[in-house]
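First comes the structure, then the notes that go with it.
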Amino acid sequence: MAERRFQLYDTTLRDGTQQEGMVLTVEDKLAVARRLDAFGVGFIEGGWPGAVPRDTEFFRRARTELDLRSAQLAAFGATRKPGALVSVDPQVRALLAADTPVVTLVAKSHPRHVELALRTTLAENLAMIGSTVRHLVHAGRRVFVDAEHYFDGYRLNREYALEVVRTAAEAGAETVVLCDTNGGSLPDEVRAVVGDTLQSTGIALGIHCHDDTGCAVANTLAAVDAGADHVQGTAHGYGERCGNANLFTVTANLVLKRGIEAVPVERLREAAGLGRAIGELTGVPGHPAAPYVGATAFVHKAGLHASALRVDPDLYQHTRPELVGNEMRTLVSDLGGRSSIELKARSLGYPVTAGSNEVARTAARVKELENLGYAFESADASFELLLREELAGGSLARPFEVESWRVGVDRLPQGEVRTEASVRLRVDGIPLIASGEGNGPVNALDRALHKALDPRFPELAGLELVDYQVRVLNAEAGSEAAARVLISYRHGGRCWATVGVDENMVAASWRALLDAVHFVLLGREGTERLAPVAAAS
Ligand SMILES: CC(=O)SCCNC(=O)CCNC(=O)[C@H](O)C(C)(C)COP(=O)(O)OP(=O)(O)OC[C@H]1O[C@@H](n2cnc3c(N)ncnc32)[C@H](O)[C@@H]1OP(=O)(O)O
Ligand SMILES: CC(=O)C(=O)O
């Protein structure tokens, strides 16, 4: 007999949609299915036809609109009703009408569920499983059986749980998937139960874990270690209550840690991109710190980490980010030292070394400024200006000088509030004076600044402010508290941010606005002008 291939089964479109806030259109579901197929999953569970009209429609459209390359589509549903004929059970008929190669049946394996939820006998439950599986197999379907509440049922009545597995397999189910439906099991229990079930029945087993103890991934791996060769999960761990086993984490662990080709190794390099794409399609992004695919999964902030990573990235990383399509980044902050500055500067294209005076001075200034409330980890443009200032010996030539600025907010007699700002700048000794109105002080200042500068510096025209955030730093000081302002911009296809801190919120905003225009005006051309950059020491 040919050796069975490992089965990676995705249930994002069924169990994933049982998560609060997850509402997918048929269009969304089709798009997610295409992405999962391209990633290389073996099975995609599309939903419950007959129960959910949207899922019935999904399977109808899938027939003509999904051209799956590696995955087979699975329709999910329940065993027939107690005491009913399987051939006329409307729900079973809907499963067949979905016309998928695979049908996955949820079946009770816990005696209390049989008696209290199904309100039938243990014997009739076995008959429901047997007849439904046989009916579907006879109709040419590959059948998987999800044995619901298997681990809790096994603890209560091991013999009955094993009987459910045998009944399903004898009727023709290809795999019996042991479900930790309430998600309350721990890895040692899962390993023991899967091991015993496999040894006692010899039947091909799968695993479906929920994350209510935070152990869904660990439980899944424990089941695989015990012999399960079919694994279910969802993108980003979406799912009912605390969610399911995270398919990305499980897959990366299987491929990279266990050497199991759950997906081809080269497809794993698309995992981070797939995670982002599915987050956008569903409107529910994955956790930034999610293993392997999270935006911060390979981001380093601590100075000691950066110092070791400079020598060898493996010293503070368990695997190489490129294997899962992610990337390493270093953050600059007061938790870092010279090595963090070197790594960040190099990533920005400045060939500096941690041993140089310029880097040491930059590191010291970052600590000093962060102690005043600055935060450079998100304000990459302000950091770059600071770095360049130090590389230029502490006095970076700026394209213009600021003489003064003012903002006035007037409440007019009719009740309207008018905000006006004016700026006095100087370029090559020539004064530039402009004023602007806005819907608030920052907007008015921004307009005045651009009115003064844009005619002289056309490159500022494409500078787009996309986000403005203000954070009160010492809230206990009440209205006298200092403020940190972070402004995000888009310019020339790049996104970056600047930061300003001051006891006056408008002055903090002005600093951030000013950094932005300087960053654009000093541009990369400026980098060359400022050469030579600190030589390697
Ligand atoms: C563990 C899991 O996550 S399994 C997946 C669960 N997913 C869903 O429930 C989403 C889709 N569900 C639905 O759309 C609806 O609940 C339906 C269409 C299935 C049923 O709707 P209704 O007929 O209105 O029944 P309701 O939701 O109130 O109750 C569920 C019924 O299914 C029965 N049932 C529960 N588990 C099973 C099972 N494994 N096999 C067969 N019937 C079951 C219950 O006994 C109850 O039957 P009853 O109406 O005779 O009392
Ligand atoms: C089948 C399923 O989703 C569960 O038992 O959790």
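Both counts, for ligands and for their atoms, begin at 1 and track the order of listing.
Of all the heavy atoms of H208, the ones lying under 4.0 Å from any atom of ligand 2 belong exclusively to the side chain. Residue-level proximity to ligand 2 for D15 is carried by the side chain, the only part with a heavy atom below 4.0 angstrom. Contacts between Q232 and ligand 2 below 4.0 angstrom, taking non-hydrogen atoms only, are absent altogether.
Nearest protein heavy-atom contact of atom 41 (C) of ligand 1 is T79 O, 3.5 Å. In terms of protein heavy-atom proximity, atom 34 (N) of ligand 1 is closest to L118 CD2, 3.8 Å. Protein heavy atom at the shortest distance from atom 45 (O) of ligand 1 is A117 O, 2.8 Å.
Look at K81 and you'll find a heavy atom under 4.0 Å from some atom of ligand 1. Remark: distances from the non-hydrogen atoms of H113 to ligand 1 are all 4.0 Å or more. Judged by the shortest distance from any of its heavy atoms, K108 lies inside the 4.0 Å radius around the atoms of ligand 1. At least one heavy atom of R119 sits closer than 4.0 Å to an atom of ligand 1.
Nearest heavy atom pair, residue V176 against residue V165, reads CG2-O, 3.8 Å.
In terms of polar-atom proximity, defined here as any N/O pair under 3.5 Å, E148 makes no such contact with ligand 2.
Here R166 pairs with E163 in a salt bridge; the nearest charged N to carboxylate O distance falls below 4.0 Å.
Put simply, atom 50 (O) of ligand 1 has protein non-hydrogen atoms near it, under 4.0 Å away.
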